[in-house]
There are 2 protein chains.
Amino acid sequence: MPASARDLTAIFDRNEIPDTYRISFLANSIIVPVYDGIKRDVGLNRGEYLLLFCLAHFAELTAQDVANMSGRPRNSISRGVHRMVAQGYIDRSPDKHDGRQAWLSITEQGRALHVRLVKRFKDREDEVLNGLNAAQRTQLSKLLQKLVLHTSSIG
Amino acid sequence: MPASARDLTAIFDRNEIPDTYRISFLANSIIVPVYDGIKRDVGLNRGEYLLLFCLAHFAELTAQDVANMSGRPRNSISRGVHRMVAQGYIDRSPDKHDGRQAWLSITEQGRALHVRLVKRFKDREDEVLNGLNAAQRTQLSKLLQKLVLHTSSIG
DNA sequence: TAAATATTGTTCTATTTGGAACAATATGCC
DNA sequence: GGCATATTGTTCCAAATAGAACAATATTTA
């Protein structure tokens, strides 16, 4: 029996920033259990998975690109790159003209892993978003899309 | 000048889980800069702020309550409690009937800090959500509310 | 061309984080 | 009551995280 039988979910609606609270709650609800599973079953941490995810959608990226896209610091990416290269999930080839940077790409093996792992996110996404009917879900997608564009334009 | 002039925002729409990606992106866009500012200006980390936030909306909570509400492990809360008590933002009084637990509550000083800090979230929330007009924003709120209820019911 | 400034990716370091084990207390079961 | 099981909150420890400084290379400016 838990400590208190009081309704702690009251905070959902009775706080000063309900939309922020809800968005954050939903993000965590979808993502956290999936990352936990990936960590447990495959041994990849969040930064490593994000690296794989980014590279699954572009032919080539630099570490800096991934840092920009994922919002993680470059040193985290750097460590992830070395571990993922060692495990055969990504390739790394130094730029021929710019000695500082290197181009990263996903390997066949990495692609296969991505396909397997992204399904976990998709399944969990469906579980959560099934709280809406089809029309509502379309509506939500459009609103989110609009917001993301707006947000990346204001920085 | 950044590394690549390619359009890295293409990933917003061309991935397998666009809604998850968007929700996560929006959550981070709102929350991360505010937490960074709070850390910089007030010295509170995320767990400590969440503790303050939870206590601002309930008269009394146990550490376990806060762990349940915030999704953070109990040891993080425990550490936060001691720091926040030492700084005078929260009070802690052991339960008279159950020697294991203690009741936490926000102090006047803590309340004042909460009022000040939650404004930062509100301002950032508005910046981001101003990408929608009033009707759309209402629509979004309703959809999010519905999803949060659904999600907390499925666990 | 030379010097000042940028950028990339890395290492170093301190902080944050969370799992696991733990002591203290409470509850359930016989 | 007495023994097994829960729960609470804490400490311990290993991993993740991110800021800062750094070396190597490019670019810009004079």
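As the structure is a prediction and not an experimental result, all values here were calculated from the model. Per chain, numbering begins at 1; letters A, B, ... match sequence-line order. We use all heavy atoms of the structure for the numbers below, so side chains are in, but hydrogens, waters and symmetry mates are not.
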Among [options], find the nucleotide with the atom closest to the side chain of [X].
X: His82(A); options: dT8(C), dG18(C), dT10(C); value: dT10(C)
X: Arg46(A); options: dA18(D), dT17(D), dT25(C); value: dT17(D)
X: Asp98(B); options: dG18(C), dT25(C), dT17(D); value: dT25(C)
X: Arg92(B); options: dT11(C), dG9(D), dG18(C); value: dG9(D)

message: Tell me whether Lys119(A) at atom NZ has more than 12 heavy atoms from other residues, nucleotides or ligands lying less than 6.0 Å away.
response: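 Count not over threshold, so no.
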Without decimals, in angstroms, what is the distance between [X] [atom1] and [N] [atom2]?
X: Leu61(B); N: dT8(D); atom1: CG; atom2: C1'; result: 15 Å
X: Leu50(A); N: dA18(D); atom1: CG; atom2: P; result: 11 Å
X: Tyr35(B); N: dT16(C); atom1: OH; atom2: C1'; result: 14 Å
X: Arg83(B); N: dT15(C); atom1: CZ; atom2: P; result: 10 Å
X: Tyr49(A); N: dA16(D); atom1: OH; atom2: P; result: 18 Å
X: Arg79(A); N: dT11(C); atom1: CZ; atom2: P; result: 10 Å
X: Gln101(B); N: dT27(C); atom1: CD; atom2: C1'; result: 13 Å
X: Arg40(A); N: dA15(D); atom1: CZ; atom2: C1'; result: 17 Å

- prompt: Hey, what do you get for CE (Met69(A)) to CG (Leu55(A)), rounding to the nearest 0.5 Å?
  reply: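 Between Met69(A) CE and Leu55(A) CG, I get 8.5 Å after rounding to 0.5 Å.
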- prompt: Do Asp41(A) and Arg120(A) meet the salt-bridge criterion of a basic N to acidic O distance under 4.0 Å?
  reply: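 Here Arg120(A) pairs with Asp41(A) in a salt bridge, since their nearest N and O are under 4.0 Å apart.
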- prompt: For dA6(D), is chi within 90° of 0 (syn) or not (anti)?
  reply: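 Base orientation relative to the sugar is syn.
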dA4(C): syn or anti, per glycosidic angle within 90° of 0: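 Classified anti.
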message: I'd like to know whether the aromatic ring centres of Phe25(A) and Phe12(A) sit less than 6.0 Å apart in this structure.
response: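 Ring-ring flag for Phe25(A)/Phe12(A): true, centres closer than 6.0 Å.
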Check this for me: does the side-chain of [X] come within 3.5 Å of the base of [N] through a donor and an acceptor?
X: Arg100(B); N: dG9(D); result: no
X: Asn75(B); N: dG9(D); result: no
X: Arg74(A); N: dG19(D); result: no

- request: Please state whether the phosphate of dA16(D), meaning OP1 or OP2, lies under 4.0 angstrom from any side-chain nitrogen or oxygen of Lys39(A).
  value: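 So the side chain of Lys39(A) is within the cut-off, an N or O lying under 4.0 Å from OP1 or OP2 of dA16(D).
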query: So, is Ser78(B) close to the dT10(D) phosphate, meaning a side-chain N or O under 4.0 Å from OP1 or OP2?
result: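 Yes, within the criterion.
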Who is the Watson-Crick or G-U wobble partner of [N], with both distances under 3.5 Å?
N: dA20(C); answer: dT11(D)
N: dT25(D); answer: none
N: dA6(C); answer: none

- prompt: If you find the nucleotide of DNA chain D closest to Pro73(A) and the one closest to Gly99(A), which residue's nucleotide is nearer the 5' end?
  reply: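 This one resolves to Pro73(A).
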task: Report the residue (His97(A) or Glu48(A)) whose heavy-atom-nearest nucleotide on DNA chain D is the more 5′ of the two.
output: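 Final value for this comparison: Glu48(A).
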query: Hey, are Asp91(A) and Thr107(A) close enough side-chain-wise for a donor-acceptor pair under 3.5 Å?
result: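 Thr107(A) vs Asp91(A): no donor-acceptor pair found between side chains.
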- request: Could you verify whether a donor N or O on one side chain and an acceptor N or O on the other, from Asp65(A) and Thr62(A), lie under 3.5 Å apart?
  value: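 Yes, Thr62(A) and Asp65(A) have a side-chain donor paired with an acceptor closer than 3.5 Å.
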